[in-house]
**Q** 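Structure incoming, see below.
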Amino acid sequence: MIVAKTIREVREHVAQWKREGYTVGLVPTMGYLHEGHASLVDRARKTCGKVVASDFVNPTQFGPNEDLEAYPRDFSRDCALLEEHGCDLVFYPSVEEMYAPNAATYVEILSEMPKQLCGKTRPIHFRGVCTVVSKLFNIVQPDYAFFGQKDAQQLAIIRRIARDLSYGIEIIGCPIVREADGLAKSSRNTYLSPAERQAALVLSKAVFLGQEMVEKGIRDAKELLAAMTAVITAEPQARIDYVSAVDGETMQPVEEVRDGVLVAMAVYIGKTRLIDNFIVGGVR
């Protein structure tokens with residue numbers, strides 16, 4: 001596996017692959033990889049001739065009081081996982097390589113999409129996400145890009161910027177990967193104490209309850225969200241940021257639960273903010 005630390009290196013390798021007729025898949029990550037990331041690489045490996053992963057903790061998507069410095073990092077471990085799953089190149093840039101001094105250009109969606117769900121309490125987050133993903137698309141110029149459903153709002157927003165900016169990249173969403181007990185895989189799970197780790201199961205319990213209710217034919221969003229909220233509030237260590245049902249493309253609240261609706265939550269367990277969701281009818 002090639003480790004590239006500069007934009008120039010990535011472009012040279014990808015250009016050569018494309019001359020040789022390969023399709024290229026991109027898996028953007030912030031490192032500290034787990035089985036969820038591995039599933040994205042596996043999907044890319046099955047879909048594309050060559051696979052590029054990025055490993056970059058992007059500072060522009062963290063707010064002033066968020067966990068940028070504390071965010072877990074282990075590049076050697078990341079490389080081992082990527083190589084094991086068939087990644088051809090990992091792009092591991094410095095902040096200085098990705099952002100020029102006094103950089104002042106951002107990519108931002110000027111609709112209500114990034115203001116909903118996570119955007120309500122993280123107002124600059126999606127501007128940072130859109131900017132870094134746009135830069136990665138420009139650097140790698142992949143044919144396909146792979147993102148996990150766990151960050152469902154992010155996936156919808158990236159689909160929108162790819163469409164609006166005519167990138168010509170097919171965005172592929174991949175299902176949530178869970179621990180054996182149901183907890184969605186997340187780099188932030190490492191922040192949890194053993195007691196908090198147990199308490200965090202209320203997120204997946206609420207998701208599974210919501211899915212069961214939909215399967216039984218319940219379509220009233222208020223009824224669904226009330227039942228899911230009750231599961232979470234029963235846990236003393238849980239503090240809800242939001243539990244919402246929204247249109248899976250626009251992120252606007254809905255009253256009726258139907259195919260394509262995203263039922264999503266963000267919950268603090270202690271100081272750790274975790275997210276989980278399900279999409280009625282499955283990831284698209």
Side-chain angles (χ1 to χ4, degrees), residues 4 6-15 17-18 22-30 37 40-41 43-44 47-63 89-91 93 95-120 122-174 246-252 260 262 264 279 283-284:
T6 68
I7 293 168
R8 181 178 177 179
E9 288 176 89
V10 175
R11 286 178 169 160
E12 287 176 350
H13 286 293
V14 171
W17 292 337
K18 291 199 171 185
Y22 290 104
T23 56
V24 177
L26 172 65
V27 180
T29 85
M30 291 211 303
H37 299 104
L40 302 181
V41 178
R43 179 70 181 276
T47 308
C48 307
K50 295 289 184 180
V51 178
V52 176
S54 62
D55 192 315
F56 178 64
V57 182
N58 175 41
T60 66
Q61 67 192 66
F62 287 80
L89 182 150
V90 57
F91 179 37
V95 173
E96 293 74 22
E97 180 69 12
M98 285 296 284
Y99 293 101
N102 302 317
T105 303
Y106 293 89
V107 177
E108 189 169 11
I109 294 179
L110 298 179
S111 74
E112 294 300 307
M113 278 186 77
K115 299 176 184 177
Q116 307 305 312
L117 304 181
C118 289
K120 289 183 177 180
R122 305 185 73 192
I124 70 165
H125 175 68
F126 288 114
R127 184 183 74 170
V129 169
C130 289
T131 300
V132 77
V133 169
S134 293
K135 289 174 72 69
L136 290 169
F137 285 175
N138 284 330
I139 292 164
V140 179
Q141 298 195 3
D143 301 287
Y144 302 86
F146 300 82
F147 296 87
Q149 182 200 318
K150 187 172 73 68
D151 296 292
Q153 185 178 13
Q154 172 180 280
L155 173 58
I157 285 171
I158 289 166
R159 288 191 196 280
R160 180 63 57 86
I161 65 169
R163 186 203 73 179
D164 289 357
L165 298 180
S166 305
Y167 278 117
I169 299 167
E170 185 173 344
I171 308 301
I172 297 180
C174 300
V246 300
D247 182 282
E249 293 184 0
T250 67
M251 301 291 115
Q252 292 300 304
L262 167 65
I279 298 173
V283 65
R284 300 182 176 196

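Heads up: numbering here begins at 1 and tracks the sequence.
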**Q** Given Y167 and N138, is the side chain to side chain contact (heavy atoms under 4.5 Å, CB included) satisfied, shown in steps?
**A** CA-CA 9 Å; Y167 278 117; N138 284 330; 3.6 Å; yes
**Q** So, taking the atom named CG in L165 and the one named CZ in F137, what distance separates them when rounded to the nearest 0.5 Å?
**A** 10.0 Å
**Q** Using every non-hydrogen atom in the two residues, find where R122 and Q61 come nearest and quote the distance to one decimal.
**A** NH2-O, 3.6 Å
**Q** Judged by atom type as modelled, is there a donor-acceptor pair below 3.5 Å linking the side chain of Q153 to the main-chain atoms of C118?
**A**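 Side chain of Q153 to backbone of C118: a pair is present.
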**Q** Indicate the atoms forming the closest heavy-atom contact of T23 with T47, along with that distance.
**A** OG1-O, 4.2 Å
**Q** Give a yes/no verdict on a cation-pi contact between R43 and F146, requiring under 6.0 Å between NZ or CZ and the six-membered ring centre and an angle within 45° of the axis.
**A**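 Output no; distance or angle outside limits.
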**Q** Is there a side chain to side chain contact (heavy atoms under 4.5 Å, CB included) between I139 and M98 once you walk through the steps?
**A** CA-CA 10 Å; I139 292 164; M98 285 296 284; 3.9 Å; yes
**Q** Using 0.5 Å steps for rounding, measure from the NZ atom of K135 to the OG atom of S54.
**A** 12.5 Å
**Q** Rounded to the nearest 0.5 Å, how far does CD of E170 lie from CZ of R159?
**A** 8.5 Å
**Q** I need the T29 OG1 to F91 CZ distance, nearest 0.5 Å.
**A** 12.0 Å
**Q** Give me the atom names and distance for the closest heavy-atom approach of P114 to I109.
**A**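 Result for this residue pair: CG-O, 3.5 Å.
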**Q** Do Q141 side-chain atoms and I169 backbone N/O form a donor-acceptor pair below 3.5 Å?
**A**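 Not a single qualifying donor-acceptor pair exists.
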**Q** For the atom pair CG (L40) and CD (Q149), what is the distance rounded to the nearest 0.5 Å?
**A**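 The CG atom of L40 sits 11.5 Å away from the CD atom of Q149.
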**Q** Using the six-membered ring wherever Trp is involved, compare the ring planes of Y99 and F56 and label them parallel, tilted or perpendicular (cut-offs 30° and 60°).
**A**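 Answer is tilted, since the angle falls between 30° and 60°.
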**Q** Please find the pair of heavy atoms, one from M30 and one from N58, that lie closest to each other, and give the distance.
**A** SD-N, 3.6 Å
**Q** Check whether any side-chain heavy atom of P142 lies under 4.5 Å from a side-chain heavy atom of V52, and answer yes or no.
**A**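 The answer is no, as the side chains (C-beta and beyond) never meet within the 4.5 Å cut-off.
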**Q** Can you see which heavy atom on G248 is nearest to which on A156, and at what distance?
**A** O-CB, 3.7 Å
**Q** Please evaluate residues K50 and L89 with respect to the criterion side chain to side chain contact (heavy atoms under 4.5 Å, CB included), reporting the C-alpha separation (whole Å), side-chain torsions for both, the decisive distance (0.1 Å), and the verdict.
**A** CA-CA 8 Å; K50 295 289 184 180; L89 182 150; over 6 Å; no
**Q** Counting N and O atoms only, with roles assigned by atom type, does the side chain of E97 sit under 3.5 Å from a partner on the main chain of I7, one being a donor and the other an acceptor?
**A**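 Side chain of E97 to backbone of I7, a donor-acceptor pair under 3.5 Å: yes, one is there.
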**Q** Is R8 atom CZ crowded by more than 12 heavy atoms from other residues, nucleotides or ligands, each under 6.0 Å away?
**A**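 Incorrect, the count does not exceed 12.
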**Q** Starting at OG1 of T60, measure out to CZ of R127 and round the result to the nearest 0.5 Å.
**A** 7.5 Å
**Q** Determine, step by step, whether Q116 and Q252 satisfy the side chain to side chain contact (heavy atoms under 4.5 Å, CB included) criterion, reporting the C-alpha distance in whole Å, the side-chain angles of both residues, the deciding distance to 0.1 Å, and the verdict.
**A** CA-CA 7 Å; Q116 307 305 312; Q252 292 300 304; 3.8 Å; yes
**Q** Check whether any side-chain N or O of D143 sits under 3.5 Å from a backbone N or O of C48 as a donor-acceptor pair, and report yes or no.
**A** no
**Q** Testing the basics here: between W17 and V24, what is the closest heavy-atom pair and its distance to 0.1 Å?
**A**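 Looking at all heavy atoms of both residues, the shortest contact is CE3-CG2, 4.3 Å.
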